[in-house]
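Here the structure is laid out as structure tokens; the discussion comes afterwards.
Order of appearance sets the numbers: ligands from 1, and atoms from 1 within every ligand. Computation of the quantities below employed the complete heavy-atom set of this structure, encompassing side-chain atoms and omitting hydrogens, waters and symmetry-equivalent molecules. Worth saying up front: this structure is predicted, and the values here are computed from it rather than measured.
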Amino acid sequence: MAMPLIQIESVFVAYGNPPRAVLAGIDLEIEEGSFVCLLGQTGCGKSTLLRLVLGSERPLRGRILIDGREHHQPDSTRGYVPQRYALFPDRTVLDNITFGPEVSEFGLAGRLRPAFYRRRKELRDEAFHYLRRIGLRESDASKYPHQLSGGMQQRVAIAQALINRPRILLMDEAFSALDSGTRREMQSLVRELWKSTGTTLLFVTHNIDEALRLGTRVVVLAREAPELGSRIAMDLAVPDPCAQEDIPSLMDRLERVSCPAEAGGTVTLSV
Ligand SMILES: Nc1ncnc2c1ncn2[C@@H]1O[C@H](COP(=O)(O)OP(=O)(O)OP(=O)(O)O)[C@@H](O)[C@H]1O
Ligand SMILES: [Mg+2]
């Protein structure tokens with residue numbers, strides 16, 4: 001069998017002094033091309049886990065392998081749409097999208113080289129391609145972030161991540177600030193991009209319905225007691241497409257594990 005693209009092995013993370021465990025003994029293997037939705041109560045360590053896969057943070061114990069190797073820094077194989085994304089306010093939509101690859105390929109000094117201008121033209125053409133794919137108009141390219149709605153800014157943040165053609169796309173509550181109509185649109189867009197690009201998605205959400213609609217797998221993080229780090233409380237393969245009649249019972253199971261207090265249940269950590 002092929003090696004999983006992402007291997008998370010016995011990962012332990014603690015913060016503070018004295019240290020307080022956030023993630024304790026996380027083991028997870030993610031196959032290339034899967035769409036994994038990560039659920040869990042606020043503060044359970046979802047964003048932390050995403051940052052570990054990104055490589056911007058390292059675990060205290062355990063390791064994360066991508067394609068069999070540890071990576072200690074973010075690179076263009078992993079696209080990241082953070083929980084609080086921020087566009088550059090003084091750059092246009094187009095410049096926001098092309099900025100990442102321009103800097104990673106040329107640095108700041110390399111921008112004086114003639115090759116930079118040739119590549120910049122290519123990147124701008126690609127940026128227009130992604131602009132259309134995310135449902136913005138060409139006339140939006142010259143706008144500044146303050147001229148865009150939250151939903152449009154969110155789309156630009158996704159295009160920023162996509163232009164690097166990442167093998168892995170990490171999205172942290174990407175749609176939480178959107179109204180339900182825009183949210184549905186963005187869900188379809190991401191699902192379609194996932195299908196057409198073959199990228200592996202790790203998608204954090206608080207919304208169980210969204211997780212079941214989008215994911216091929218739903219992983220729930222939860223802690224058994226406040227002083228303990230989170231573990232994987234449930235790891236569920238989602239049929240594609242998820243049959244409508246299955247959704248209520250899956251939602252019920254997921255709710256009991258991810259929001260035990262509201263569901264009147266307790267977390268028992270058996271997968
Ligand atoms: N750099 C840090 N230093 C200290 N504590 C941190 C740091 N990053 C995260 N934490 C703590 O670790 C815990 C998990 O944080 P994390 O942001 O991963 O949770 P989350 O599941 O993404 O929550 P939310 O759903 O609210 O976004 C929280 O208690 C948070 O305060
Ligand atoms: Mg978070």
Side-chain angles (χ1 to χ4, degrees), residues 6 8-28 30 35-64 71-74 78-87 150 153-154 157-158 160-161 168-178 183 186-187 190 201-215 217-236 251 254-263 265-267 269 271:
I6 306 173
I8 300 173
E9 295 180 349
S10 310
V11 157
F12 180 88
V13 174
Y15 293 117
N17 192 10
R20 185 176 158 267
V22 172
L23 298 173
I26 303 286
D27 282 296
L28 197 63
I30 298 176
F35 193 142
V36 178
C37 290
L38 208 54
L39 281 171
Q41 276 185 305
T42 187
C44 73
K46 303 180 295 297
S47 298
T48 303
L49 190 59
L50 233 53
R51 289 194 302 270
L52 295 175
V53 176
L54 178 67
S56 64
E57 242 180 76
R58 290 173 73 171
L60 215 54
R61 293 201 292 273
R63 54 184 198 157
I64 313 257
H71 294 256
H72 298 311
Q73 273 174 19
R78 280 150 293 160
Y80 180 46
V81 184
Q83 192 164 357
R84 275 174 285 279
Y85 63 89
L87 303 178
Q153 291 188 32
Q154 181 66 68
I158 294 172
Q160 266 182 332
I168 300 171
L169 185 55
L170 307 164
M171 298 183 81
D172 198 347
E173 296 196 40
F175 309 151
S176 57
L178 305 179
R183 190 174 189 139
M186 295 302 291
Q187 288 170 348
V190 165
L201 250 130
L202 203 44
F203 185 96
V204 171
T205 176
H206 273 281
N207 188 312
I208 296 176
D209 178 65
E210 178 167 272
L212 288 172
R213 271 172 203 285
L214 293 182
R217 185 174 169 193
V218 178
V219 172
V220 183
L221 290 180
R223 53 181 95 226
E224 249 170 314
E227 67 282 6
L228 299 177
S230 296
R231 291 172 184 274
I232 294 173
M234 189 178 271
D235 188 346
L236 196 74
M251 279 189 79
L254 287 166
E255 219 155 86
R256 279 177 193 284
V257 178
S258 61
C259 321
E262 285 103 70
T266 50
V267 179
L269 296 177
V271 179

- prompt: Near E227 CD, under 6.0 Å, is it more than 12 heavy atoms from other residues, nucleotides or ligands?
  reply: yes
Passing option when L28 is tested against L221, V53, V11, I8 for side chain to side chain contact (heavy atoms under 4.5 Å, CB included): I8
message: Restricting to non-hydrogen atoms, name the atom on L214 and the atom on C37 that form the minimum distance, rounded to 0.1 Å.
response: CB-SG, 4.3 Å
- prompt: For D172 and S47, which heavy atoms make the closest approach, and how far apart are they?
  reply: OD2-OG, 2.6 Å
message: Residues around ligand 1, heavy atom under 4.0 Å from any ligand atom, sorted by chain and number. Can you pull those?
response: Y15, R20, V22, Q41, T42, G43, C44, G45, K46, S47, T48, R51, Q83, E173, H206
statement: Here the pair of heavy atoms bringing K46 nearest to L39 is CD-C, 3.7 Å
Six-ring centre of F12, R61 cation under 6.0 angstrom, axis tolerance 45°: yes
- prompt: For the residue pair A161 and L169, what are the closest heavy atoms and their distance?
  reply: CB-CD1, 3.7 Å
message: Keeping to distances under 2.8 Å, can you name the protein N/O/S atoms close to the Mg ion (ligand 2)?
response: S47 OG, Q83 OE1
message: Give me the atom names and distance for the closest heavy-atom approach of R223 to P226.
response: NH1-O, 3.7 Å
- request: Would you check if F175 and T205 make a side-chain contact, meaning some heavy-atom pair closer than 4.5 Å?
  value: no
